[in-house]
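Down below is the structure, laid out as structure tokens.
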Amino acid sequence: MSLGKVARGLVLPARVALRPAAPVLHRSYAAVSEARAVLESELEGIRAAGTWKAERIITSKQGPQINVQGSRSTILNFCANNYLGLSSHPDVVQAGIDALNTHGAGLSSVRFICGTQDLHKNLEQKLAEFHEREDCILYASCFDANAGLFEVLLGPDDAVLSDELNHASIIDGIRLCRAKRLRYKHMDLRDLETKLKEAQSSRLRLVVTDGVFSMDGDVAPLSGICDLADQYGALVFIDECHATGFLGARGRGTDELLGVMDRVHIVNSTLGKALGGAAGGYTVGPKPLIDLLRQRSRPYLFSNSLPPPVVGCALRAVELLLASNEISQSMTAKTMRFRNKMAEAGFTISGLAHPICPVMLGDARLASLMSEDMLKL
Ligand code: PLP
């Protein structure tokens with residue numbers, strides 16, 4: 001049979017397939033309208049609970065003072081994770097522009113195909129140096145770093161012991177792995193010990209905790225966790241999104257603050273908060289782990305490389321922090337000033353000395369109304 005005949009043979013059935021029968025169309029309309037009704041009822045539930053999350057539209061750079069659509073003047077911004085103000089730092093912005101000029105907008109590829117530039121390798125090396133760990137692997141976000149770690153490190157013969165209030169991305173990452181899952185009560189060392197005893201027959205044990213918990217600014221009891229990990233033969237993992245860059249004498253994080261840098265084995269963190277605020281996440285830890293993540297970690301293997309301007313910004317932010325401790329240290333005095341003045345004004349601020357200063361009103365709806373009033377003022 002000639003190719004022409006084959007092609008003619010294919011054309012006719014395709015045309016027929018494009019003409020949908022009327023009852024099929026009717027069923028597909030019905031499916032869409034049923035789905036709409038389900039979604040509308042879910043949305044109504046959120047509105048009725050008073051927990052609807054409206055997005056305010058910022059028309060300026062991120063910073064302590066911003067412009068917001070619908071507001072007549074500049075307003076004070078208390079809620080970004082721009083801990084060190086680096087997301088609009090002139091050197092950081094310029095580094096992003098330079099990287100855009102020299103390395104382009106993006107790689108159109110994942111890392112292992114043709115998506116690794118010298119910039120990516122430089123940033124990985126600087127982050128490993130910053131955290132004093134053997135090696136580093138970059139991801140598009142820390143959400144991805146958390147999604148990609150546990151499945152690679154832990155198998156069905158292993159156990160993972162996780163704080164019950166860990167970040168959603170840790171919970172999702174753990175769901176993807178086949179290890180035995182043990183959830184311990186929030187920051188409760190006694191309960192952790194009970195769970196470690198339960199996990200003694202497993203091949204590997206991994207204790208998993210946020211270094212700082214993002215809702216309340218609670219700092220995990222890492223010394224006690226590391227003591228238990230030593231006693232019961234466990235590895236320790238921390239998520240440092242709310243600590244990297246500003247906790248500890250040199251801003252290295254919760255492990256530096258609590259004097260356990262050499263006893264915490266794996267750290268995940270973000271470039272999307274204190275380190276320039278653009279985007280990206282990473283894992284630092286033992287070299288064989290990082291090597292294995294490059295071979296097997298799904299969000300790394302199957303998602304595009306970080307764009308060069310984003311890498312350029314983060315690289316400059318890390319260089320600034322490596323060059324001097326001044327920026328990291330500026331945080332403490334500001335935090336204490338805010339906490340003390342708010343307490344004097346009669347508000348309840350939870351947590352201790354962390355810059356996450358939750359103003360506790362005790363009612364989500366009231367908090368929402370108060371934020372609207374503050375915006376008007
Ligand atoms: N882990 C914690 C504790 C976080 O607070 C966040 C962000 O909110 C993430 C992970 C995710 O980080 P990223 O924004 O880089 O995905």
Side-chain angles (χ1 to χ4, degrees), residues 53 55 62 77-84 86-87 92 111 120 123-124 127 130-131 136-151 160 162-177 183 186-187 206-222 225 236-247 252-255 257 264 266-285 293 297-300 302-307 309-311 313-315 317-318 331 350-351 354-358:
K53 294 178 278 298
E55 293 176 5
Q62 187 60 279
N77 176 16
F78 286 96
C79 49
N81 298 306
N82 181 19
Y83 289 109
L84 300 172
L86 293 181
S87 57
V92 172
R111 287 285 299 273
H120 297 94
L123 180 57
E124 286 174 340
L127 286 167
F130 184 79
H131 286 281
C136 171
I137 177 174
L138 287 175
Y139 288 86
S141 66
C142 186
F143 203 109
D144 278 354
N146 285 339
L149 172 73
F150 305 106
E151 189 190 20
V160 57
S162 175
D163 187 294
E164 65 182 349
L165 293 192
N166 276 338
H167 189 261
S169 54
I170 294 178
I171 295 170
D172 286 6
I174 289 176
R175 278 195 193 130
L176 293 171
C177 85
R183 218 158 48 129
H186 182 46
M187 304 210 304
L206 177 68
V207 180
V208 173
T209 181
D210 282 10
V212 173
F213 290 83
S214 57
M215 296 310 290
D216 292 325
D218 291 338
V219 177
L222 286 188
I225 289 176
V236 178
F237 161 96
I238 56 176
D239 174 323
E240 286 282 87
C241 285
H242 294 279
T244 299
F246 55 93
L247 280 197
R252 300 306 199 254
T254 319
D255 52 350
L257 179 76
V264 169
I266 307 164
V267 177
N268 276 6
S269 193
T270 186
L271 305 171
K273 300 192 194 299
L275 300 185
Y282 58 90
T283 300
V284 292
L293 290 171
S297 183
R298 294 168 70 82
Y300 181 81
F302 301 116
S303 189
N304 212 22
S305 298
L306 271 182
V310 168
V311 179
C313 290
L315 194 53
V318 178
M331 193 73 252
S350 82
H354 193 274
I356 294 174
C357 304

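When a ligand or atom number is given, it counts from 1 through the structure's own listing order. Both backbone and side-chain heavy atoms feed into the values below; hydrogens, waters and symmetry mates do not.
Side-chain atoms of Ser297 come within 3.5 Å of backbone N or O of Gly148 as a donor-acceptor pair. At least one donor-acceptor pair under 3.5 Å links the side chain of Thr270 to the backbone N or O of Gly280. Side-chain atoms of Asn82 come within 3.5 Å of backbone atoms of Ser87 as a donor-acceptor pair (strictly under, hydrogens ignored). Here the side chain of Asp239 pairs no donor or acceptor atom with the backbone of Ile170 at under 3.5 angstrom.
Smallest separation of non-hydrogen atoms from Asp210 and His167: OD1-N, 3.4 Å. Scanning all heavy atoms of the two residues, the minimum distance from Leu138 to Glu124 falls at N-OE2, 3.0 Å.
Listed by chain and residue number, the protein contacts of ligand 1 are Ser141, Cys142, Phe143, Asn146, His167, Ser169, Asp210, Asp239, Cys241, His242, Thr270, Lys273, Gly280 (heavy atom within 4.0 angstrom).
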